[in-house]
**Student:** 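Below is one structure. I have some questions about it.
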Amino acid sequence: MTTDNYLALNGLRIQPGERVLTRLVISRLPSGAVIDVPVHVIRATEPGPVLLLMAGMHGDEVNGVETIRRLIRRDLLQPTRGTVIAIPILNIYGFLNFSREVPDGKDVNRSFPGHPRGSVASRVAYRFMREIMPLVDYGIDFHTGGAARANHPQLRCVLGENAGIDALAAAFAAPFTLHARLRTGSLRATAHALGKPIIVYETGESLRFDEAGIEEAIAGTLRVLHHLGMGPEGPAPARPNIVCHRHRWLRARYAGLFRAHVALGDFVTEGQIFGSIADPYGEQSVRLEARASGYVIGLNYMPVVNQGDALLHLAMPV
């Protein structure tokens, strides 16, 4: 909860002007080791909105973790008013095991709002909803592509329904902004039901740093802080923001070894050859034609593919 003077979190009363690192205890491992989630709270002396910056919902998505780490290390999260709550890693279990999930195999981002006696994923979600969500006015949830699929820097949100979300997306000004439907059990859907604008930023692939995407994320966060009146003007976007209301994956019609002939950020026209799939014995190779036009915002880097595997994610501009 918040009052005129202090912010109550994890049993603490955090006063205006204070900077605190607290830890939310989630559970214990079978070994007895306690797993907790570090939470940075940075408050200005002047009242204002509370902005959540969170990463590591999936433990193998390290670009968001590094984004928040750099923001903290470079001392860029010093609001001139209001409060920043920064959580570099929500899913500590997955982070320690280089895994998307928690030990029970469930996805934290399909487990909201959670339950105090549910699975591990459900307990993580519940503790977040109990301790953090009531404090939040706005949020940025940082993610990374998974399963050898890389994402071009992009923002995902529901456009045209909430003025606060539209304004956040415009302020962040990622290279691409996608109109993305809500998924049941996700943080974004749960926040949407509560009227709390949260946007999702995606870049790179799991377990690897995407330097350009990380710096885009830092710049976008600074622009959001300025938009909310919480900080100085951020760096100007390096390129125009492209808004896309439609996007689709092109999938493999054959199994074999996939080679892409395009790169992230490229524009592909319908009928263009975007890659090939060959059998591993050198007997045949099939060229792949795009069945739609759009920008390449996602690309499968796994050479071995099965029928139906996602190969290329295309975004269609307005």
**Student:** Given 3.5 Å as the limit, does a donor-acceptor pair link the side chain of Lys106 with the main chain of Ser111, or not?
**Tutor:** no

**Student:** Under a 3.5 Å distance rule, please check whether Ser293 uses its side chain to pair with a backbone N or O of Glu270 as donor and acceptor.
**Tutor:** yes

**Student:** Under 3.5 Å, is there a donor-acceptor pair between the side chain of Asp137 and the main chain of Val50?
**Tutor:** yes

**Student:** Quick check: does any side chain N or O of His40 sit under 3.5 Å from a backbone N or O of Ala86, one acting as donor and the other as acceptor?
**Tutor:** no

**Student:** Please check if the side chain of Ser122 supplies one atom and the backbone of His115 the other of a donor-acceptor pair under 3.5 Å.
**Tutor:** yes

**Student:** Using every non-hydrogen atom in the two residues, find where Asn109 and His143 come nearest and quote the distance to one decimal.
**Tutor:** ND2-CE1, 4.0 Å

**Student:** Counting only N and O atoms by type, is there a donor-acceptor contact under 3.5 Å from the side chain of Glu205 to the main-chain atoms of Ala150?
**Tutor:** no

**Student:** Mark yes when over 12 heavy atoms from residues, nucleotides or ligands other than Arg19 sit less than 6.0 Å from its CZ; otherwise mark no.
**Tutor:** yes

**Student:** Could you give me the CA-CA distance, side-chain angles and deciding distance for Arg253 and Glu289, then say whether salt bridge (charged side-chain N to carboxylate O under 4.0 Å, His left out) is met?
**Tutor:** CA-CA 11 Å; Arg253 299 176 66 183; Glu289 293 186 5; over 6 Å; no

**Student:** Between Arg188 and Arg181 (side chain of the first, backbone of the second, donor and acceptor by atom type, cut-off under 3.5 Å), is there such a pair?
**Tutor:** yes

**Student:** Quick check: closest heavy atoms across Arg291 and Leu250, and the distance to 0.1 Å?
**Tutor:** N-CD1, 4.2 Å

**Student:** Mind checking whether Phe142 and Tyr201 have parallel, tilted or perpendicular rings, split at 30° and 60°?
**Tutor:** perpendicular

**Student:** Does Leu312 form a side chain to side chain contact (heavy atoms under 4.5 Å, CB included) with Leu299? I'd like the steps, not just the answer.
**Tutor:** CA-CA 5 Å; Leu312 201 72; Leu299 190 58; 3.1 Å; yes

**Student:** Between Arg183 and Arg110 (side chain of the first, backbone of the second, donor and acceptor by atom type, cut-off under 3.5 Å), is there such a pair?
**Tutor:** no

**Student:** Among Arg149, His152, His247, which residue satisfies the side chain to side chain donor-acceptor pair (under 3.5 Å) criterion with His313?
**Tutor:** His247

**Student:** Do Asn10 and Thr22 pair up side chain to side chain, a donor and an acceptor below 3.5 Å, judged on atom types alone?
**Tutor:** yes

